[in-house]
Amino acid sequence: MKKKNLLIITTGGTIAMKYDEVFGIIQNDEMSDYLLNFPQIRNVADIDVMEFTNIPSPYISPEIMFKLAKLVEEKIIEYDGVIITHGTDTLEETAYLLDLVLTTRKPVVLTAAMRSGTDLGLDGPRNIVGAVRVASAEQARNKGVLVVMNDEIDSARDVVKTDTGKTNSFISLSYGPLGIIDPDKVIFFRDSVINEKIPTDSLETNIDLIRCVCGMDDRYINCSLSNNAKALVIEAFGRGNVPPSLIPALKKALEKNVIVVAVSRSYTGRVLPEYGYEGGGKYLQKMGVILGGDLRGHKMRIKLMVLFGKYNNPDLVRKYLLNSND
Ligand code: ASP
């Protein structure tokens, strides 16, 4: 079979870092050459490499993610697929933003490393080879943006970084991986039936995420409101319940036509309008809070940035969210 023509876009992260005695783990230009010249990569596909940036992923802002999305959109016309190397810390946010805004059917695969260049059991080379193999696979088409780590393939929407150090950190906690990468072949076991696309030419970044903790007051909500946030994502308890101390500030937000979306701070599961007490999910929904389904808070924040970027109108965003499957 003819080799695929793929583009690797590098953005930095641990995969491009090495230990330095003075500074600790930092970016290192040699790492890219080392990683990208593994014979296993070139045997699988014809590869071009392009550096987009070389920064740790905590430095990656939504604006940078959006620029990267536009670059992928432009470049993928010339290639059979694109692989992006990224830091693990914010990889799931970049992957999800790309997943929402890109409409290509071609494979777009993000990968990273948990271990830097001087660590024993370096996972970067294996992950890049895995990502190239996945991007070369016919079945990887039309699957949305994929994340490849530790011989597994996950959907951008579902995967989360679950562990700070282990190489099997990236897991789709609710639904499991889409497939695996075995030595002889790449195998997909399932499709994600959620294939949401929100193509947009701009992004609205003034969206806040507030996590519920017991005994909290409303100061973060008030701070968001005084900074003119367009929407608030509240990471509520369990099925979507918040302490009553938040209610006056949430009412104020809704009166100002600020969208409020409740998601759960639990690791898996949906929010639902079950509890009718003051602050319960049913009570919140009656007030006008939107219940955000099974999306985790940081991903709902990205989705709202994309939705406000596209519609720039809270009523349209509300309508969109109320009519989506979440
Ligand atoms: N702090 C690093 C980053 O996200 C971690 C990593 O890449 O694994 O850039």
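In listed order, ligands and their atoms are each counted from 1. Because the structure is a prediction, the values reported are computed rather than measured. Each residue takes its place number in the sequence, starting with 1.
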Worksheet item: Taking atom types as modelled, is there a side-chain donor on Asn312 or Lys230 under 3.5 Å from an acceptor on the other?
Response: no

Fill in: Residue of the set Arg157, Lys299, Arg239 for which salt bridge (charged side-chain N to carboxylate O under 4.0 Å, His left out) holds with Asp294
Arg157

Worksheet item: Using 4.0 Å as the upper bound for N to carboxylate O, is an ion pair formed by Asp201 and Lys310?
Response: no

Discussion item. Ignoring hydrogens and geometry beyond distance, is a side-chain donor-acceptor pair present between Asp158 and Ser155 at under 3.5 Å?
Written reply: yes

Discussion item. Holding to ring pair (Phe, Tyr, Trp, His ring centres under 6.0 Å), I want the full list of residues that pass it with Phe38, two or more places apart in sequence or in another chain.
Written reply: Tyr34

Item to complete: Evaluate the side chain to side chain donor-acceptor pair (under 3.5 Å) criterion for residues Lys166 and Asn150: first the C-alpha distance (whole Å), next the side-chain angles of each, then the deciding distance (0.1 Å), finally the verdict.
Response: CA-CA 10 Å; Lys166 290 180 185 157; Asn150 196 41; over 6 Å; no

Practice prompt. Give the protein residues with at least one non-hydrogen atom closer than 4.0 Å to an atom of ligand 1, ordered by chain and number.
Written response: Gly13, Thr14, Pro56, Ser57, Pro58, Gly87, Thr88, Asp89, Ala113

